[in-house]
Each structure stands twice: as structure tokens, then as C-alpha cells.
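Owing to the predicted nature of the structure, the values given are computational and were not obtained by experimental measurement. Only heavy atoms go into these numbers, but all of them, side chains included; no hydrogens, no water, no symmetry mates.
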Amino acid sequence: MENKNLVECGGGPFPKSIHFGGGSWATAFLIGVVRAMEERWKKETGGKKGPLCENLRMSGDSAGAAIASGWALGMTWVELRELYSQLASRARKEGICCGRMTDFHEEMMDTILGHVPNPLEVLQKRKFGMGVARFFAKYKIYESWRDMEHLRHCFHCSFHVPMYCAYQPALDGFQALDGGFANDGPNIH
């Protein structure tokens, strides 16, 4: 049976899209996935098809959305690893409870969204998707945003785990939580 989500690339099929699940600090392994995919893409295409971030549709939930968005905006695995390492080092020293994670999220978004001059347009052009759990247990993927403030608020909601993150106001009229809380699988191809 043919999978329409794969394209032939060199010696075998290569995905047209990838979804990175969440997991807070445990998502560090996804940076290795980015590295492996970039290396395979470059080797198999000889660089002829351009950067993988321009040829692969990316989406994610929570911290997976952060890594996927950074990659979609052209960050290398080395840049993603450096950002992760800096934030993880600070989190070990400063703690993560009582809303503290939101401070790390802000710093992470500043770095990721500051990677290109027009992140909103680039993410929408590359069809980046971010999962959010909206009450009650309704999973929604956001693929467009009104402005940068709306994009950042979607990120905060996708990251939001009570007790670790600061309170987030309603997103488009619904209270929202970390995207991984309600991702039921069928929405991921």
C-alpha cells in the first residue's frame, strides 16, 4: 500500500511532513532527529533541493512545537541545541515551578522568532502547525495567526502546564492547555 505522505529521496522514502510531540525538557532528543534528517536530506539530494526546512511541513505540540518552529524558521540543529542547553542550565539553577517556565518560554520564543525578520509570514508560508488543547479536551492545530502577539499567545497556550507556567488568558475564546494533553492521534499524519 502506497503512503502518500512519503516521497522518494535517494535510496528510500522521505516524509513530506513531520510532527514533534511535546514532553517539556525531555524533547531534547528531537534535536537529534533534526540533525539526522538534515544530514540524510543533504546526503541524498546533494543539496540540490535546498534546505529541508523549505521542503518539509513541520508541526508540533508544546516543546515539540518550539523545536519544529525553530527548524521551520531555518535554525540549525546546532543552534537549537545551544538554545536548549542555555535554558536547561538556567532552569537547573533557577527552578521551574510556580510560573517560572513562562519566563523560559519567553526567552526561547525571542530567540526562535528573532531568527528571521518575518517569522509570522515564514511559518504560515511553510504551513507550520502548532497543537493546542482547548477546553474541553478538543485538540486544535493552529496554522495561521492574526499577528505576532496572537502567535506568541498560541505558543504560550501550547506550552501551558498549570503550576509550572503562568496563567494564560483564553485563546480565541477558549481556555487552553499544553497541546499534548488532548492530541488524540488521528490529527497527526
Participant: Mind checking the CH2-SG spacing from W145 to C154? Nearest 0.5 Å is all I need.
Facilitator: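 Atom-to-atom, W145:CH2 and C154:SG are 7.0 Å apart.
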Participant: Nearest 0.5 Å please: distance from the OG atom of S59 over to the CG atom of L123.
Facilitator: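 It comes to 12.0 Å.
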Participant: Is there a side-chain contact between C157 and R134 in this structure, where contact means two heavy atoms from C-beta onward sitting under 4.5 Å apart?
Facilitator: no
Participant: R92: what forms a salt bridge (charged side-chain N to carboxylate O under 4.0 Å, His left out) with it, not counting sequence neighbours?
Facilitator: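 R92: no salt bridge (charged side-chain N to carboxylate O under 4.0 Å, His left out) contacts found.
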Participant: Can you label the angle between the Y139 ring and the H19 ring as parallel, tilted or perpendicular, going by 30° and 60°?
Facilitator: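 Rings of Y139 and H19: perpendicular, over 60°.
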Participant: To the nearest 0.5 angstrom, please state how far the NE2 atom of H160 sits from the CD atom of Q175.
Facilitator: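 Nearest 0.5 Å value for the NE2-CD distance: 8.0 Å.
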Participant: Show me, pair by pair, the donor-acceptor contacts under 3.5 angstrom made by side chains of residues 107-114, not counting sequence neighbours?
Facilitator:
from: E107; atom 1: OE1; to: R90; atom 2: NH1; distance (Å): 2.1
from: E107; atom 1: OE2; to: R90; atom 2: NH1; distance (Å): 3.1
from: D110; atom 1: OD1; to: R152; atom 2: NH1; distance (Å): 3.3
from: D110; atom 1: OD1; to: R152; atom 2: NH2; distance (Å): 2.8
from: T111; atom 1: OG1; to: E107; atom 2: O; distance (Å): 3.2

Participant: Sequence neighbours excluded, which residues qualify as side chain to side chain donor-acceptor pair (under 3.5 Å) partners of S62?
Facilitator: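 Per chain and number, S62 pairs via side chain to side chain donor-acceptor pair (under 3.5 Å) with D178.
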Participant: Would you mind reporting whether E79 and L83 have side-chain heavy atoms less than 4.5 Å apart?
Facilitator: no
Participant: As an exercise, state the distance from CD of E39 to CG of L52, rounded to the nearest 0.5 Å.
Facilitator: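 Answer rounded to 0.5 Å: 12.0 Å.
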Participant: CD1 of I31 to CZ of F20: how many Å apart, nearest 0.5 Å?
Facilitator: 9.5 Å
Participant: Taking a hydrophobic cluster as the set of Ile, Leu, Val, Met, Phe, Trp and Tyr residues connected by side-chain heavy atoms closer than 4.5 Å, whether directly or through intermediates, do F29 and I67 fall within one such cluster?
Facilitator: yes
